[in-house]
Amino acid sequence: MAAISHKLLKTLSDNKNLQNIELYLDRNNFSGKHIVAFLKKAGNSLTVFHCSDNCIGNEGLEIIAPHLNSIHLNEFYWSGSQINGAALKFLKERLPEVKKLTLCDFSIGVEGIASLGEIINKNNLLLNLMRTEISDVEIESLALILSQDNSKNIKELNLSFNNISIDGFKKIVASLVSNEAEYVDLRGNSIFGSVLISYAYLESLLKDVPGVKLKSYEVLKDEGGLSSTFKITYQMENGRITDVLTSCHSAKVQTLSTSAVA
């Protein structure tokens, strides 16, 4: 959907018959004040809120957040828009019905991760935190949040293109035991370094991770000897299967799909 112009935003805010509104505000230099008037009018008709690359900042999100009160809002997407992790405190308990939650393209930091624990709720099915500069410092807290009851229904988790190392990777895998995640995207992180990826190596990473069993791994895409995208499949103690997508240098992963011997 095309981004909404300032003129159209005003026209929509004057309309009295709004239903099932999907609001996409992308790359239009909107400020918080531009958006609030429409949110007041939209009320319970808002189903999707999508904001990317605007001039909102922390102060703008602070004035927007109290108006994100639609009982039908099931998708919230926020990308960049000149905020940092400190702004997430304004979203605490503001998104109780959201099923798809995306917070990306800004530095989330420890403070933002702490706020995330009060934003995530049992309705969340997708959590996308790509390109938020998450490192192992934030992973410690994030893994704990993902192990809690509020996070148990998350089916898809996207942590791609961050700064997660092998230690952070193991913490994330351990947290999967406590939730319903079926798909985790960890591409674009520096997880494996110069280690040769093999079944034996991946299995060795689980020696201190109870409740998780390595089932298989498979190379999905080889970028001409430069990098490989591969899928690691884990089986949880309750029988659930979780696929973890990740990447590394092509020369450091066995290209033959490998699985456990029955």
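Remember, it's a predicted structure, so these values are computed and weren't measured experimentally.
- Under the 4.5 Å side-chain heavy-atom criterion for grouping Ile, Leu, Val, Met, Phe, Trp and Tyr, F161 is not connected to L157 through any hydrophobic cluster.
- Put simply, the side chain of N123 never gets that close to the backbone of V98: no donor and acceptor are under 3.5 Å apart.
- Heavy atoms of other residues, nucleotides or ligands lying less than 6.0 angstrom from NZ of K33 number 12 at most.
- Looking at residues two or more places apart in sequence or on another chain, you find a side-chain contact (heavy atoms from CB on, under 4.5 Å) between L245 and Y183, D185, R187, L220, T229, K231.
- Residue pairs meeting the side-chain hydrogen bond (donor to acceptor under 3.5 Å, both in side chains) criterion with at least one member in residues 53-65, sequence neighbours excluded, are N58-N84.
- Of the possible donor and acceptor atoms, one in the side chain of T242 sits under 3.5 Å from a partner among the backbone N and O of A181.
- Side chain of N153 to backbone of E180: no donor-acceptor contact under 3.5 angstrom is found.
- Side chains of L176 and V184 form a contact here, defined as non-hydrogen atoms less than 4.5 Å apart.
- Here K89 pairs with nothing under the salt bridge (Lys or Arg N to Asp or Glu O under 4.0 Å) rule; sequence neighbours left out.
- To the nearest 0.5 Å, atom CD1 of residue I166 and atom NZ of residue K171 are 11.0 Å apart.
- Using modelled atom types, no side-chain atom of R240 and backbone atom of Y234 make a donor-acceptor pair closer than 3.5 Å.
- Of all the heavy atoms in G112 and L88, the pair that sits closest is O-CD1, 3.7 Å.
- Taking hydrophobic clusters as Ile, Leu, Val, Met, Phe, Trp and Tyr residues chained together by side-chain heavy-atom distances below 4.5 Å, L125 does not share a cluster with M236.
- When the side chain to side chain donor-acceptor pair (under 3.5 Å) test is applied to S165, the partners found at least two apart in sequence or on another chain are D136.
- Between the CD1 atom in I145 and the OG atom in S175 there is a gap of 10.5 Å [rounded to 0.5 Å].
- Around atom CD of Q148, more than 12 heavy atoms belonging to other residues, nucleotides or ligands sit under 6.0 Å away.
- With sequence neighbours excluded, the residues satisfying ring-ring contact (aromatic ring centres under 6.0 Å, His included) with F192 are F169, F230.
- Without hydrogens or angle criteria, S147 side chain to A143 main chain gives a donor-acceptor distance under 3.5 Å.
- You'll find the side chain of L116 reaches within 4.5 Å of the side chain of L129, heavy atoms only.
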Can you check side chain to side chain contact (heavy atoms under 4.5 Å, CB included) on I56 and I35, steps first, answer last?
CA-CA 10 Å; I56 294 172; I35 298 169; 3.7 Å; yes
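- For the side-chain contact (heavy atoms from CB on, under 4.5 Å) test, residues two or more places apart in sequence or in another chain that qualify with N128 are T102, L126, M130, N158.
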Evaluate the side chain to side chain contact (heavy atoms under 4.5 Å, CB included) criterion for residues D243 and I232: first the C-alpha distance (whole Å), next the side-chain angles of each, then the deciding distance (0.1 Å), finally the verdict.
CA-CA 6 Å; D243 290 329; I232 309 171; over 6 Å; no
Under the side chain to side chain contact (heavy atoms under 4.5 Å, CB included) criterion, do I134 and N163 qualify, and how do the steps go?
CA-CA 6 Å; I134 291 175; N163 302 309; over 6 Å; no
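- With contacts defined as side-chain heavy-atom distances shorter than 4.5 Å, the pair E156/E182 does not qualify.
- Considering OG of S216 and CG of L214, their distance stands at 7.0 Å, rounded to 0.5 Å.
- I119 and F90 fall into different hydrophobic clusters, defined by Ile, Leu, Val, Met, Phe, Trp and Tyr side-chain heavy atoms under 4.5 Å apart, directly or through other members.
- Note that CG of L159 is 7.0 Å distant from OG1 of T132, once rounded to the nearest 0.5 Å.
- Partners of K122 under the side chain to side chain donor-acceptor pair (under 3.5 Å) rule, at least two apart in sequence or in another chain, are D149.
- Side-chain N or O atoms of N179 include none that pairs as donor or acceptor with a backbone N or O of K152 at under 3.5 Å.
- Linking Ile, Leu, Val, Met, Phe, Trp and Tyr residues whenever their side-chain heavy atoms come within less than 4.5 Å places Y217 and Y201 in a single cluster.
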Indicate every side-chain donor-acceptor pair of residues 72-80 with a distance under 3.5 Å to a residue at least two apart or in another chain.
residue	atom	partner	partner atom	Å
W78	NE1	G80	O	3.1
S79	OG	D105	OD2	2.8

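- Between the side chain of T233 and the main chain of K215, no donor-acceptor pair closer than 3.5 Å is present.
- V110 forms part of a hydrophobic cluster together with V137, judged by ILVMFWY side-chain heavy-atom separations under 4.5 Å.
- By the side-chain contact (heavy atoms from CB on, under 4.5 Å) test, V36 is found to be paired with K40, I63, I64, H67, residues two or more places apart in sequence or in another chain being considered.
- Note that the NE2 atom of H50 and the NZ atom of K100 stand 11.0 Å from one another [nearest 0.5 Å].
- Residue L144 shares its hydrophobic cluster (ILVMFWY side chains chained together at separations under 4.5 Å) with no other residue.
- Among all heavy-atom pairs drawn from V177 and P210, the shortest one is CG2-O, 3.7 Å.
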Might you work through the side chain to side chain contact (heavy atoms under 4.5 Å, CB included) test for I172 and L146, ending with a clear yes or no?
CA-CA 8 Å; I172 290 298; L146 293 173; 4.0 Å; yes
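- Atoms CG and CG, from N121 and N150 in turn, are 7.0 Å apart once rounded to the nearest 0.5 Å.
- Applying the ring-ring contact (aromatic ring centres under 6.0 Å, His included) rule to pairs touching residues 105-147 yields nothing, sequence neighbours excluded.
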